[in-house]
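Proteins get letters first, then strands, A, B, ... in listed order; numbering begins at 1 in each.
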Amino acid sequence: MSTSTDHGRPDPEATPSALGRDDRPVSDRGDTVCVIGAGASGLTAIKNLREHGFGVDCYERETGIGGAWNWRHDRSPVYASTHLLSSKPFTQFPDFPMPDSWPDYPHHSQLLSYFERYADHFDLRSHIWFGTEVIRVEPAAGDRWDVTTRSTGGYGPERTSQYAAVVVANGHNWSPKLPRYEGLEQFRGEIMHASSYKDPAQLRGKRVLVVGAGNTGCDIAVEAAQQASRCWHSTRRGYWYAPKYVLGRPADQVNDALLAMRVPLRVRQWLYHWTLRLTVGDLTRFGLPKPDHRVYETHPIANSQLVYYVGHGAIGPVPDVARFHPYAVELADGREIDPELVIFATGYLPRFEFLDASVFGDSAGVGRPTLWLNAFTPGHPTLAVAGLVQPDSGLFTLSHWQTVLFARLLLARRDRPERAAAFAQKVRDRAGERYSAHVKDSSRHWFEVGHADYLRAVERALHDLEGK
Amino acid sequence: MSELRIMRGREWSRPVRPARREVLSATPELEEGRPPLLFVPGFGHGAWAFAEHWLGHAASRGFPAYAMSLRGHGASEAAPEATLRAYAHDVVQVAAGLPRQAVLVGHGAGALVVAHALARYPARGAVLVAPVFGGWGVLGAALRRNPSGTLPAVFGGPLRLSRGQLFSRELPDEEARRHVARLGRAGRRAQWALLGAPDAEPAVGAPPVLVLGSPDDRVVPTSALNGVARRYGSAPLLFPGMGHDLMLDARWAEPIDAILDWLEKEPATR
């Protein structure tokens with residue numbers, strides 16, 4: 001196996017450079033496919049494209065693989081205690097299982113070692129250019145793409161190479177989304193986004209306010225309950241806090257047993273509410289707001305401990321923040337609290353700064369592209385996005401099948417152009433389709449999908465592409 | 001073969017229960033970049049069947065070689081209720097745990113396990129040695145040749161293979177008796193799967209598949225051997241005069257050399 005961290009590596013195929021747009025030299029990479037990012041989705045893109053016979057150049061801005069799951073990376077959102085939210089069968093790649101000896105919900109360091117083994121097992125590193133960031137991706141004639149790269153950090157010369165296709169796998173959990181509040185600038189306490197939260201020592205002995213009831217917000221609130229001198233947890237609305245185990249098994253496995261039997265959503269919701277009633281019961285008696293929606297209608301929060309610590313009084317549930325004062329935080333119900341540290345677990349937004357927003361059908365430029373299957377762009381049959389989904393389950397299975405579908409689409413463009421054309425038409429007709437039960441909207445939840453609905457749609461697309 | 005299936009609700013919601021597995025290995029002194037081989041024994045056999053000759057021979061020709069025992073076999077954990085799916089899970093677990101993408105070599109019913117494992121692991125290549133894919137023809141042949149050893153298996157009892165089914169007359173009696181004495185049994189549910197196993201899903205990554213066997217095999221009729229080979233778009237490589245257990249029979253070196261030659265020539269496994 002060769003390593004490819006050396007930047008001085010010569011062009012794999014020293015094609016004579018032609019002059020491209022603006023008279024920049026463009027080296028033609030032939031049928032090679034470009035993959036942007038060597039995180040989970042990028043790795044599975046490399047593996048699946050290679051498996052279907054394509055050459056791959058992957059560009060990774062960091063010096064290691066694993067993307068968000070590599071805690072060494074400056075854009076990694078993981079904190080010391082991060083564990084998986086979906087159990088192993090839903091988290092692993094479908095053709096490379098996690099070891100039997102691992103727990104149901106592995107730790108983030110195990111996940112990184114899983115990706116390292118995946119990369120070594122399938123010899124993926126020799127296709128990755130580490131320490132190289134993509135700064136521009138521009139469409140070229142014949143559905144090809146000009147990809148311009150340079151060394152991470154902005155020094156060194158720019159290079160442009162032309163590829164037959166591009167897979168964008170740059171992740172969506174690295175660009176923090178920070179809400180605006182009146183008076184936030186005057187607040188004298190410490191403020192941080194959850195992306196900078198790494199270790200419970202940051203909370204020790206402090207009065208902490210955690211804003212946001214996503215999975216990260218709940219995790220941090222639980223750690224604050226153990227470490228901080230006081231913990232408030234502010235949520236905009238009431239949520240369903242799903243335990244990680246029900247009926248003696250990982251909760252997502254129980255849910256999928258029902259899905260496999262095609263139990264309708266209403267019945268599953270009823271069963272779920274009933275199961276919760278058997279354990280923690282009505283949460284409003286703790287001061288938690290009543291959920292304004294039925295379960296499965298927002299991104300699920302898998303946290304067995306939050307309610308436990310609320311029940312112990314270690315977490316004080318509070319409503320939305322109204323405004324900040326220099327030494328206090330005013331809440332929506334008029335109460336004032338005095339935290340020293342405010343952590344905004346308010347999520348992340350996808351960003352594609354290397355791509356002209358109009359290519360993605362995102363004319364408003366708000367990072368909300370119009371895609372089919374959250375992966376395919378109308379009018380650009382050789383461009384795909386991998387991993388731009390927020391499933392109610394593990395993501396990597398979905399990325400895997402997205403990239404398998406894309407590899408087979410590229411094969412069909414060569415071998416069965418009429419099938420590829422029918423696919424392209426479908427992308428145009430059905431871009432923007434959703435794959436979940438009605439979901440409460442926010443600036444992030446447009447790419448929320450139900451894993452079963454989504455994978456069924458991918459399966460249909462694959463069979464339509466290849467059927468007899 | 002059936003269609004590619006993405007939705008695997010039952011597999012996700014009922015993961016196979018882990019079981020301790022025996023894995024024997026022989027690795028070459030010099031790493032030559034050859035793909036690792038994983039030998040999967042058939043029902044009743046354990047990793048020992050390959051440790052006898054083939055493991056060492058493959059290693060001496062530069063291939064890192066591993067042999068495993070399916071659950072309930074050899075020194076692996078007991079598993080009387082094991083299913084075909086659990087066996088395939090064992091193979092995929094061991095294969096994914098190897099340092100590099102492996103070639104799967106299945107013998108007897110182990111070839112059927114490998115065929116199912118190929119749908120869950122993108123092997124570099126696969127070799128099916130005297131494959132037992134089940135069906136009524138195979139049962140008929142076994143009932144004719146060894147009625148007292150086969151009949152109990154139909155009712156969930158152990159399948160007992162005889163010396164005459166497994167080895168040619170060239171193998172010294174004492175050695176044959178030693179091997180037969182080591183045979184165990186597969187789970188009854190897995191045995192029944194031989195009579196009506198669902199078709200294997202398509203192999204991930206379309207690996208090259210080599211099928212080989214013996215026209216004098218008393219377990220796998222030639223028609224069954226041809227049938228399996230046809231399924232993978234080829235004809236079987238034949239070793240006349242050998243019994244079902246090609247890895248233990250007197251001329252064990254011929255088939256393994258043919259397998260290794262094929263691996264050296266095949267572009268996907270070179």
Side-chain angles (χ1 to χ4, degrees), chain A residues 1 47-48 50-53 86-102 104 114 117-118 120-123 249-250 252-262 393-394 397-398 400-401 404-405 408 451-463 466-468, chain B residues 2-21 23 31-36 38 68 71 76-77 79 85-86 88-102 104 116-125 201-207 267-268:
Chain A
M1 198 188 65
K47 182 239 164 216
N48 285 320
R50 295 275 310 138
E51 201 168 279
H52 286 82
S86 51
S87 68
K88 276 193 295 180
F90 299 93
T91 310
Q92 63 206 6
F93 293 118
D95 56 1
F96 191 74
M98 292 182 180
D100 272 351
S101 55
W102 283 9
D104 286 332
Y114 174 70
R117 288 203 310 115
Y118 186 76
D120 292 338
H121 196 86
F122 296 110
D123 193 15
R249 303 200 304 132
D252 51 0
Q253 296 179 12
V254 174
N255 180 41
D256 261 60
L258 298 174
L259 279 175
M261 290 187 268
R262 298 208 176 236
S393 178
T397 310
L398 277 58
H400 170 90
W401 291 114
V404 167
L405 179 58
R408 298 202 175 179
H451 72 287
D453 292 330
Y454 183 79
L455 288 176
R456 278 199 193 101
V458 173
E459 192 173 54
R460 265 196 305 279
L462 203 56
H463 290 166
E466 308 203 315
K468 286 172 191 80
Chain B
S2 57
E3 228 175 8
L4 172 68
R5 207 157 51 80
I6 291 180
M7 289 301 294
R8 299 170 183 172
R10 271 171 227 287
E11 281 170 52
W12 295 332
S13 57
R14 286 268 165 208
V16 173
R17 187 181 273 269
R20 192 171 32 75
R21 289 175 291 261
V23 179
E31 168 67 52
E32 296 174 44
R34 297 248 163 79
L38 175 58
M68 62 179 294
R71 61 182 64 200
S76 287
E77 199 172 315
R85 187 183 143 215
H89 168 88
D90 287 343
V91 174
V92 173
Q93 278 283 323
V94 175
L98 296 178
R100 275 172 308 119
Q101 212 175 350
L104 304 184
H116 283 268
L118 288 177
R120 295 290 178 270
Y121 171 76
R124 193 85 71 92
E201 287 169 42
V204 186

### Query
Using non-hydrogen atoms only, which part of B:Ala268 is less than 4.5 Å away from chain A: side chain, backbone, both, or neither?
neither

### Summary
Per-residue tally against chain A (heavy atom, under 4.5 Å) across B:Arg8, B:Glu11, B:Arg20, B:Arg10 peaks at B:Arg8

### Task
Classify the ring geometry between A:His400 and A:Phe93 as parallel (under 30°), tilted (30 to 60°) or perpendicular (over 60°).
tilted

### Task
Spell out, as yes or no, whether a donor-acceptor pair under 3.5 Å connects the side chain of A:Asp95 to the backbone of B:Pro122.
no

### Query
Are B:Arg100 and B:Glu31 ion-paired here, with the side-chain N under 4.0 Å from a carboxylate O?
yes

### Message
Taking side chain as everything from C-beta outward and backbone as N, CA, C, O, which of these in A:Arg408 sits under 4.5 Å from a heavy atom of chain B? Side chain, backbone, both or neither.
### Response
side chain

### Task
Can you tell which part of A:Leu258 gets under 4.5 Å to a heavy atom of chain B, answering side chain, backbone, both or neither?
neither

### Query
Do the rings of A:Phe122 and B:Tyr121 sit parallel, tilted or perpendicular, given the 30° and 60° boundaries?
tilted

### Task
Look only at the side chain of B:Gln93 and the backbone of A:Met98, and say whether a donor-acceptor pair between them is shorter than 3.5 Å.
yes

### Task
Pick one of side chain, backbone, both or neither for A:Val254, based on which atoms fall under 4.5 Å of a heavy atom in chain B.
neither

### Query
Where the side chain of B:Asp90 meets the backbone of B:Arg71, is there a donor-acceptor pair that is under 3.5 Å apart?
yes

#### Entry: Top contributor to chain B interface from A:Phe90, A:Tyr118, A:Trp401 [non-hydrogen pairs under 4.5 Å]
A:Trp401

### Message
Shorter than 4.5 Å, heavy atoms on both sides: which option in A:Asn255, A:Leu462, A:Asp100 has the most such pairs with chain B?
### Response
A:Asp100

### Query
So which part of A:Arg117 gets closer than 4.5 Å to some heavy atom of chain B, the side chain, the backbone, both or neither?
side chain

#### Entry: Contact class of A:Lys47 relative to chain B, heavy atoms under 4.5 angstrom
side chain

### Query
In terms of heavy-atom proximity below 4.5 Å to chain B, should A:Leu259 be classed as side chain, backbone, both, or neither?
neither

#### Entry: Among A:Arg456, A:Lys88, A:Arg249, A:Met261, residue most engaged with chain B (heavy-atom pairs, under 4.5 Å)
A:Arg249

### Task
Give a yes or no on whether the backbone of A:Ser86 and the side-chain of A:Thr91 come within a donor-acceptor separation of less than 3.5 Å.
yes

### Message
Taking B:Leu4's backbone N and O only, do any of them form a donor-acceptor pair with A:His463's side chain (distance below 3.5 Å, no angle check)?
### Response
yes

### Per-residue contact mode, B:Arg17 against chain A (heavy atom under 4.5 angstrom)
neither

### Message
Which one wins on heavy-atom pair count under 4.5 Å against chain A: B:Ala19, B:Pro15, B:Gly9?
### Response
B:Pro15

## Note on the structure
So CZ of B:Arg5 and CG of A:Leu455: to nearest 0.5 Å the spacing works out to 12.5 Å

#### Entry: Most chain B-contacting option - heavy-atom pairs closer than 4.5 Å, from A:His121, A:Gln253, A:Glu51, A:Glu459
A:His121

